[in-house]
Amino acid sequence: MAITPSMRISAIRRFLHSQSSAGLVLMATAAVALILANSPLAGTYEAVLHVYLGPLSLAHWINDALMAVFFLLVGLEIKREMLDGQLSTWSRRILPGIAAAGGMAVPALLFYAFNTGATARGWAIPAATDIAFALGVISLLGNRVPASLRIFLAALAIIDDLGAVIIIALFYTADFSVVDLACAGGVVAALVALNRFRVRSLTPYLLLGALLWVFVFRSGIHATLAGVVLALTIPMEITPSRSDVDATSPLHRLENFLHLPVGFLIVPLFALANAGVPVLKLPAEALAAPVTLGVALGLLLGKPVGVFGMSVLAVRLRLADAPAHASRMQMFGVALLCGIGFTMSLFIALLAFPGDLILQSEAKIGILAGSLLSGLLGYAVLRLADREKSNAAASTW
């Protein structure tokens with residue numbers, strides 16, 4: 001049968017709207033970055049990233065400005081899920097919340113087991129889960145993974161992102177300018193006023209958001225946090241009579257608009273700019289350096305131990321219900337996928353070791369190795385999990 005233009009357009013739309021496709025694009029750009037950094041083009045690759053466009057280099061525009069848009073989307077997703085999503089009630093928050101806490105604490109402790117002194121500053125690098133990668137792997141398994149576990153993973157990743165934002169604000173903020181911080185506070189007050197007066201046009205929010213980014217950037221607090229603050233002020237209306245969300249609300253309109261550029265442009269650009277590790281040029285001992293081992297094992301071992309262990313404990317203590325129609329083996333497979341910590345882990349590595357290219361490279365090697373092994377093992381466990389026994393699994397937890 002001949003392929004018509006409308007069929008081609010439909011296929012492209014399905015591709016662009018697929019979360020798994022964003023994960024595949026991210027994998028491809030990370031691979032390209034690695035190839036470039038270890039090829040004869042390595043010098044050109046580095047030189048392009050350090051070209052100045054106005055006051056900032058290309059790398060800084062990507063990491064400080066474009067990633068603020070990524071954090072804006074993260075903030076919008078967190079707000080929506082908390083108000084009217086998988087995290088809207090305490091019963092829905094309990095299991096992914098407990099699992100996320102374990103999945104952040106255990107990797108940090110494992111990192112500390114290998115690192116003391118200056119390198120201990122990287123403790124939060126293996127703490128976050130990359131939702132695009134993780135859901136991309138799950139999508140390859142089709143109906144082998146129950147819908148309840150997909151929802152659990154998405155909710156856990158959202159809580160992870162919230163935890164990472166808080167960690168960045170509390171532990172990776174340099175000395176700040178009181179004047180610029182006060183100006184940023186004034187902009188936030190204006191954004192809150194817009195929300196209280198039910199202004200539905202996105203234009204004034206985005207204009208004030210750009211101004212907020214400038215003041216936050218100058219204040220010493222990492223500029224990407226301006227995106228999260230802006231997201232929390234974007235209105236999201238719920239119709240009380242029907243307990244229904246207005247899909248045309250500013251939050252939904254902005255979130256829907258940002259999904260494609262963030263998933264298929266901003267995050268891949270971030271990976272292209274930051275995943276390029278010159279592995280061939282690094283000394284052999286870098287592969288077994290404390291930072292490398294702490295990050296890799298934190299993701300590969302710490303994440304599944306924390307997520308799976310705390311989930312089983314919560315179900316056994318009857319603090320939460322097990323995901324419907326999911327066996328413990330399937331839960332363990334999903335816990336392994338939580339060790340894919342690519343985007344947020346890379347971002348925290350840059351904040352943890354600013355200007356230290358050796359420690360950044362060691363952290364990046366650990367992130368790539370831990371994430372790759374976590375993805376492969378998680379896929380293998382979920383593929384081998386016995387779905388026939390999953391219906392009776394809840395009683396065996």
Side-chain angles (χ1 to χ4, degrees), residues 19 22-23 26 67 70-82 85-88 92-111 122-138 149-172 222 224-225 227-228 231-232 262-263 267 270 295 298-311 314 320 323 331-349 351-352 366-367 370-371 374-375 378:
Q19 179 73 61
L26 189 55
M67 285 302 284
F70 165 77
F71 275 87
L72 170 59
L73 179 59
V74 168
L76 293 171
E77 291 178 338
I78 290 172
K79 182 173 180 177
R80 174 178 50 76
E81 292 292 341
M82 294 292 286
Q86 294 304 317
L87 302 175
S88 60
R92 292 179 177 180
R93 297 169 190 162
I94 290 174
L95 186 62
I98 292 174
M104 298 185 82
V106 177
L109 293 173
L110 198 52
F111 184 90
W123 63 271
I125 296 172
T129 296
D130 192 299
I131 188 170
F133 262 133
L135 291 181
V137 173
I138 275 189
L149 279 183
R150 295 171 188 263
I151 293 170
F152 167 82
L153 177 60
L156 184 147
I158 291 292
I159 295 173
D160 258 6
D161 283 343
L162 176 60
V165 168
I166 294 171
I167 286 171
I168 291 169
L170 294 179
F171 299 100
Y172 295 109
H222 202 275
T224 52
L225 295 179
V228 178
L232 298 180
V262 168
V267 173
F270 175 78
V295 172
L299 291 171
L300 182 60
L301 297 179
K303 267 291 185 181
V305 168
V307 171
F308 182 71
M310 291 301 290
S311 296
M331 186 66 168
F332 181 64
V334 167
L336 280 166
L337 293 184
C338 290
I340 304 175
F342 190 77
T343 306
M344 197 68 81
S345 293
L346 282 175
F347 189 80
I348 294 175
L351 300 181
I367 292 165
S371 296
S374 294

Is it the case that the ring center of H222 lies less than 6.0 angstrom away from the ring center of F347?
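Aromatic pair counts; centres sit under 6.0 Å.
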
Does the side chain of [X] reach to within under 4.5 Å of the side chain of [Y], using non-hydrogen atoms?
X    : Y    : answer
D160 : K303 : yes
L73  : E77  : yes
V74  : V228 : no
I158 : R80  : no
V267 : F342 : no

Can you name the closest pair of heavy atoms from [X] and [Y] and give their distance?
X    : Y    : answer
A231 : L72  : CB-O, 3.5 Å
S371 : L299 : OG-CD1, 3.9 Å
F111 : G122 : CE2-C, 3.5 Å
I348 : A164 : CD1-CB, 4.4 Å
I167 : A124 : CG2-CB, 3.7 Å
A134 : L153 : CB-CD2, 3.8 Å

Point-to-point distance, once rounded to the nearest 0.5 Å, from [atom1] of [X] to [atom2] of [Y]:
X    : Y    : atom1 : atom2 : value
F270 : M344 : CZ    : CE    : 9.0 Å
E81  : D161 : CD    : CG    : 11.0 Å
L336 : F308 : CG    : CZ    : 9.5 Å

Please report the C-alpha distance between L26 and D130 in whole Å, then the side-chain angles of each, then the deciding distance to 0.1 Å, and finally whether the side-chain contact (heavy atoms from CB on, under 4.5 Å) criterion is met.
CA-CA 11 Å; L26 189 55; D130 192 299; 3.9 Å; yes

So M82 and L87, side-chain contact (heavy atoms from CB on, under 4.5 Å) or not? Walk me through it.
CA-CA 5 Å; M82 294 292 286; L87 302 175; 3.8 Å; yes

Using a 3.5 Å distance criterion without hydrogens, assess whether the side chain of S345 forms a donor-acceptor pair with backbone atoms of I125.
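Present.
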
Go through the steps to decide whether L156 and C338 satisfy the test side-chain contact (heavy atoms from CB on, under 4.5 Å), and finish with yes or no.
CA-CA 9 Å; L156 184 147; C338 290; 3.8 Å; yes

For side-chain contact (heavy atoms from CB on, under 4.5 Å), just list the numbers for M310 and V106, CA-CA rounded to whole Å, side-chain angles, deciding distance to a tenth of an Å, and then say yes or no.
CA-CA 10 Å; M310 291 301 290; V106 177; over 6 Å; no

Counting only heavy atoms not in F332, do more than 12 fall under 6.0 Å of its CZ?
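No - once you tally the heavy atoms of other residues, nucleotides and ligands closer than 6.0 Å, there are 12 at most.
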
